[in-house]
Amino acid sequence: THAGGEVNVSAATLIIGESAGSKGTYLLQDGSLSGGIVIGDAGTGELIQTGGIINLASADMIIADETTGVGEFNISAGSVNGSGTTPYIYVGNGGDGVYNQTGGTVSLNQLRVGNGGSGTGTANISGGLLEMTSSMTIGAANSTGVVNYTGGEVNVTGNLHVGWGNGGTGELVVTGTTLDITGTLQV
């Protein structure tokens, strides 16, 4: 449990659920967490954010990195901040990843849901603000991605790709809200 102060892993990476068979949970309630984050590398990991700040800077957040990886990120309050040509958030970057946003603010370069050749990713957005300065990809090459958008605000400054690349399978479900895309919707 991280209830205040600062954790800085900018020279390395925070890994939650590193090895196959391992399980880890990180609860961020207040304070700041800085650096790259892997949630479910080859094991099972969960990051729960109910407050505080995650500073990705020029690092990535990867949810389910390896084929055996299972990862979940849940944000209900607080913020995730990124800058520059990175960071990305990968949901299912080879493994089985889930992104749930019910509140808070997430600002980054790109969101990829289903990536890494064998990844399966699901993003459920029902509240808060999610903004990408470059693009969103749902189901990159040989991976599967699903985005369920039912509330909150999603802004994509750039293109939205649904089923992108050879063998990519993507699904976007928008219910009762508006998705703002500055670039092109590619399906």
Side-chain angles (χ1 to χ4, degrees), residues 1-83 86-116 119-132 136-138 143 145-149 151-152 154:
T1 300
H2 182 160
E6 181 177 349
V7 174
N8 187 340
V9 292
S10 59
T13 302
L14 171 65
I15 300 174
I16 307 165
E18 181 177 16
S19 303
S22 68
K23 184 174 182 178
T25 301
Y26 191 110
L27 172 60
L28 176 60
Q29 297 174 321
D30 196 6
S32 65
L33 171 61
S34 299
I37 301 170
V38 177
I39 308 164
D41 187 17
T44 299
E46 182 177 18
L47 173 56
I48 303 165
Q49 184 176 7
T50 61
I53 300 168
I54 295 175
N55 291 308
L56 294 175
S58 59
D60 296 326
M61 178 187 289
I62 301 172
I63 306 167
D65 196 26
E66 305 292 334
T67 56
T68 59
V70 177
E72 185 171 327
F73 174 57
N74 297 290
I75 178 170
S76 58
S79 63
V80 178
N81 303 318
S83 61
T86 56
Y88 289 20
I89 293 181
Y90 296 98
V91 184
N93 191 50
D96 187 4
V98 177
Y99 173 103
N100 294 312
Q101 183 172 1
T102 59
T105 299
V106 178
S107 301
L108 64 149
N109 185 287
Q110 289 192 35
L111 175 66
R112 289 196 176 188
V113 183
N115 195 64
T120 300
T122 303
N124 302 302
I125 301 132
S126 59
L129 170 63
L130 172 62
E131 54 187 3
M132 288 131 292
M136 177 191 282
T137 301
I138 306 167
S143 299
V146 177
V147 171
N148 298 302
Y149 175 36
V154 175

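We use all heavy atoms of the structure for the numbers below, so side chains are in, but hydrogens, waters and symmetry mates are not.
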May I ask you to test the [X]-[Y] pair for a side-chain heavy-atom distance under 4.5 Å?
{"X": "I125", "Y": "V147", "value": "yes"}
{"X": "M61", "Y": "L47", "value": "yes"}
{"X": "L130", "Y": "L108", "value": "yes"}
{"X": "I89", "Y": "R112", "value": "no"}

Where [X] and [Y] come nearest, the two heavy atoms and their spacing:
{"X": "S143", "Y": "G114", "result": "CB-C, 3.5 Å"}
{"X": "N81", "Y": "S79", "result": "ND2-OG, 3.6 Å"}
{"X": "I39", "Y": "E72", "result": "CG2-O, 3.6 Å"}
{"X": "S107", "Y": "T105", "result": "OG-CG2, 3.8 Å"}
{"X": "G36", "Y": "V9", "result": "O-CG2, 3.9 Å"}
{"X": "G97", "Y": "A64", "result": "N-CB, 3.6 Å"}

Open item on the list: Here's a test for you: under side-chain contact (heavy atoms from CB on, under 4.5 Å), which of T122, T120, L111, V98 qualifies with V91?
Closed with: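 Only match with V91 under side-chain contact (heavy atoms from CB on, under 4.5 Å): L111.
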- [ ] Please name the residue in the list V80, T102, I48 that meets the side-chain contact (heavy atoms from CB on, under 4.5 Å) test with I75.
- [x]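 Exactly one candidate clears the test, V80.
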Show me the donor-acceptor pairs, under 3.5 Å and distance only, between side chains in residues 12-35 and residues at least two apart or in other chains.
| from | atom 1 | to | atom 2 | distance (Å) |
| --- | --- | --- | --- | --- |
| S22 | OG | E18 | N | 3.4 |
| S22 | OG | S19 | N | 3.1 |
| S22 | OG | S19 | O | 2.5 |
| Y26 | OH | H2 | ND1 | 2.7 |

Could you grab the distance from atom [atom1] of [X] to atom [atom2] of [Y], nearest 0.5 Å is fine?
{"X": "N93", "Y": "E66", "atom1": "CG", "atom2": "CD", "answer": "8.5 Å"}
{"X": "I62", "Y": "I37", "atom1": "CD1", "atom2": "CD1", "answer": "10.5 Å"}
{"X": "N148", "Y": "N124", "atom1": "CG", "atom2": "CG", "answer": "5.0 Å"}

Task: Residue pairs fulfilling side chain to side chain donor-acceptor pair (under 3.5 Å) with at least one residue in residues 38-51, sequence neighbours excluded - done: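 Pairs touching residues 38-51 that pass the test: E46-N74.
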- [ ] Measure from the side-chain N and O atoms of Y149 to the backbone N and O of V154, and report whether any donor-acceptor pair falls under 3.5 Å.
- [x]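 Indeed, once roles are kept as given, a pair shorter than 3.5 Å links the two residues.
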TODO: For E6, check side-chain hydrogen bond (donor to acceptor under 3.5 Å, both in side chains) against everything at least two apart and list the hits.
DONE: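 Not a single residue meets the side-chain hydrogen bond (donor to acceptor under 3.5 Å, both in side chains) criterion with E6.
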Open item on the list: Taking ring-ring contact (aromatic ring centres under 6.0 Å, His included) as the cut-off, I'd like each qualifying pair that reaches into residues 30-59, sequence neighbours left out, listed once.
Closed with: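 Of all non-adjacent pairs touching residues 30-59, none passes ring-ring contact (aromatic ring centres under 6.0 Å, His included).
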TODO: Any ring-ring contact (aromatic ring centres under 6.0 Å, His included) involving residues 31-78? Give me the pairs, sequence neighbours left out, ordered by first then second residue.
DONE: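 Found F73-Y99.
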